[in-house]
There are 2 protein chains.
Amino acid sequence: MEARQRLRDAGLRPTRQRLALAELLCSMGGRHLTAEQLHGDAQAHGISVSLATVYNTLHQFTRAGLLRELVVDAGRSYFDTNTSPHHHFFIEATNTLQDVPEDCVTVSTLPPPPEGMTVSSIDIIIRVKEKVE
Amino acid sequence: MEARQRLRDAGLRPTRQRLALAELLCSMGGRHLTAEQLHGDAQAHGISVSLATVYNTLHQFTRAGLLRELVVDAGRSYFDTNTSPHHHFFIEATNTLQDVPEDCVTVSTLPPPPEGMTVSSIDIIIRVKEKVE
DNA sequence: ATTTGTGCAAATCGTTTGCATCTGA
DNA sequence: TCAGATGCAAACGATTTGCACAAAT
C-alpha cells in the first residue's frame, strides 16, 4: 500500500526516487545503514538516484520521523529504520551496529536536565570489541 | 609541576606545544571542546600551534588516556578532559555538552554483548532542547 | 502553470597526511 | 646525533549547495 500514503502524510511528495528509497528501506532486514550504502543498494536494484538525493531524502525522512539518525562514529552518519526507542551495540571492529534487545537496558533516575530544557532523546551506545583471550 | 611528567609517563615527549596544550586543557574549566576551539584558545594565549598539531596532540592524549573522545555530533569531535566514567547532556540549541552529575544515571541489566565480544565502553547521551511553554 | 524535487558538479567542512624542517634527549 | 615532532599545504572523505532541468500537482 502505503509507502505512497506515508510520504504524503509526512508532507513529502511521493516522487519516483523517494518511493523507491522508501521501499528499499522497508524491505531490507539490515536496518542500520549509511547514505553511501543506501546509494549502493539503490544502484544494485537498478534505481538511479544521485548520492545527493539520497542524503536529502534520508534527512527528509528523518525529519518526518520515518527514520532515526544515529551518531556513533565521528564523521559518518547511520540511519535506523527502526524508530521506536531502543539502544545499540557498536562493534568497533567492523563499524557495525546491532540493536540491543528490547528492555534489556533501563535507565534509572533520569537526572533533571539543565534549566529550561526538556529531554528530546536518550542515546545509549555500548561499544564492543573483539574479546581477547 | 607535572604536566611534563605526565607526558613522559604517557610516552610522549614533552615538547613546547604539547606542554602548552596540556596546561591549557588542565587549567580550563570548560571541559568539552573541539580541536577548532582548542586551537583558537591556544592562539588567544599566544601559543603558536598549527591546527594539524592540535589534532595530532588531541589524539595522542586520547590514546594515552588523558582525554576522552566524545561522539555526539555527526562530523565534529569533542574531547573531554574528564576521563572518569560519566555521561552527558547535549544541548542541541548550542551544540554544547554538559556532564550528567555523578551516579544520577544507572544502567540496569547490561545485555550480553554479541558472541565473542566484550564491552569496551558505554556512552549515554541525553539530548535536550529548549523547553517550549 | 506552478511548485517542488532532482542531478550533477563544485563547494564546504572537519580531519588527515606527506614531506621538509626543527627540536628535545 | 637523530628519532621523534612540527608546520604547512595539499589530500581526503563525508556531506551540502547552487543551479539548470524534470516531474508532480
Side-chain angles (χ1 to χ4, degrees), chain A residues 3-24 32-43 45-64 66-67 69-79 95-97, chain B residues 3-24 32-43 45-64 66-67 69-79 95-97:
Chain A
R4 187 166 235 101
Q5 194 50 46
R6 298 190 62 187
L7 290 180
R8 277 229 171 65
D9 294 348
L12 298 172
R13 269 202 215 161
T15 64
R16 210 192 287 72
Q17 24 285 78
R18 292 219 266 237
L19 274 170
L21 291 178
E23 253 142 38
L24 252 191
H32 311 104
L33 75 195
T34 63
E36 209 74 54
Q37 281 165 16
L38 181 55
H39 184 237
D41 284 10
Q43 309 240 285
H45 286 248
I47 302 161
S48 127
V49 260
S50 71
L51 184 53
T53 298
V54 171
Y55 274 105
N56 291 334
T57 305
L58 284 172
H59 286 133
Q60 292 155 352
F61 284 9
T62 301
R63 245 174 275 128
L66 286 78
L67 288 178
E69 187 172 0
L70 301 174
V71 180
V72 147
D73 195 8
R76 191 187 256 60
S77 276
Y78 289 80
F79 294 86
N95 272 49
T96 283
L97 283 160
Chain B
R4 187 166 235 101
Q5 194 52 46
R6 298 189 62 185
L7 291 180
R8 277 226 172 69
D9 292 349
L12 298 171
R13 264 203 221 162
T15 64
R16 211 195 284 74
Q17 23 286 76
R18 293 217 265 237
L19 274 171
L21 292 178
E23 253 141 37
L24 251 190
H32 311 104
L33 75 196
T34 64
E36 209 73 57
Q37 281 164 14
L38 181 56
H39 184 237
D41 284 10
Q43 309 240 285
H45 286 250
I47 301 161
S48 127
V49 259
S50 71
L51 184 54
T53 297
V54 171
Y55 273 106
N56 290 335
T57 304
L58 285 172
H59 285 133
Q60 291 154 352
F61 284 8
T62 301
R63 246 174 276 130
L66 286 77
L67 289 177
E69 186 171 0
L70 301 174
V71 180
V72 147
D73 195 8
R76 190 186 256 60
S77 277
Y78 288 81
F79 293 86
N95 271 49
T96 282
L97 283 161

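This is a predicted model, so every value here is computed, not measured.
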- request: Identify the heavy atoms of A:Leu21 and A:Ala42 that sit nearest to each other, and give their distance.
  value: CD2-CB, 4.2 Å
message: Can you tell me how far apart CZ (A:Arg76) and CG (A:Asn95) are? Round to the nearest 0.5 Å.
response: 6.0 Å
- request: Write down the distance between CD (A:Glu69) and P (D:dA14), rounded to a whole number of angstrom.
  value: 15 Å
message: Can you measure B:Gln43 atom CD to D:dG7 atom P for me and round it to whole angstrom units?
response: 10 Å
query: Are B:Arg18 and D:dA5 close enough that a side-chain N or O sits under 4.0 Å from OP1 or OP2?
result: yes
message: Heavy atoms only, 4.0 Å cut-off, all strands: where does B:Ser77 land among base, sugar-phosphate and nothing?
response: sugar-phosphate
- prompt: What does B:Thr34 touch in the nucleic acid at a heavy-atom separation under 4.0 angstrom: a base, only the sugar-phosphate, or nothing?
  reply: nothing
statement: B:Thr15 has its side chain closest, among C:dG14, D:dT6, D:dT25, to D:dT6
Closest to the B:Arg13 side chain, choosing from D:dA5, D:dT15, C:dG7: D:dA5
- request: Would you kindly say whether A:Glu69 and A:Thr62 are connected by a side-chain donor-acceptor distance under 3.5 Å?
  value: no
field: Nearest-Å distance for atom pair CD1/C1', residues B:Ile47 and D:dG7
entry: 16 Å
query: Nearest-Å distance, CZ (A:Arg16) to P (D:dT25)?
result: 12 Å
message: Regarding A:Gln5 and A:Asp9, do their side chains bring together a donor and an acceptor under 3.5 Å, going by distance alone?
response: yes
Nearest-angstrom distance from the residue atom CG of B:Leu19 to C1' of C:dT23: 13 Å
- prompt: So which one's nearest nucleotide on DNA chain C is more toward 5', A:Gln60 or B:Arg8?
  reply: A:Gln60
- prompt: In residues 49-59 of chain B, which residues come under 4.0 Å of DNA chain C by heavy atom?
  reply: B:Leu51, B:Ala52, B:Tyr55, B:Asn56, B:His59
statement: Rounded to whole Å, the CG-P distance (A:Leu38 to D:dA14) equals 15 Å
field: NE2-CD distance between A:His39 and A:Gln43, expressed to the nearest 0.5 angstrom
entry: 4.0 Å
- prompt: Over how many whole Å does the gap from B:Arg4 atom CZ to C:dT23 atom P extend?
  reply: 15 Å
query: B:Gln17 CD to C:dT21 P: how many Å, rounded?
result: 18 Å
message: Please identify which of these residues, A:Thr96, A:Leu33, A:Val71, A:Leu97, meets the side chain to side chain contact (heavy atoms under 4.5 Å, CB included) condition with A:Tyr78.
response: A:Leu97
- prompt: For the residue pair B:Val49 and B:Thr53, what are the closest heavy atoms and their distance?
  reply: CG1-CG2, 4.2 Å
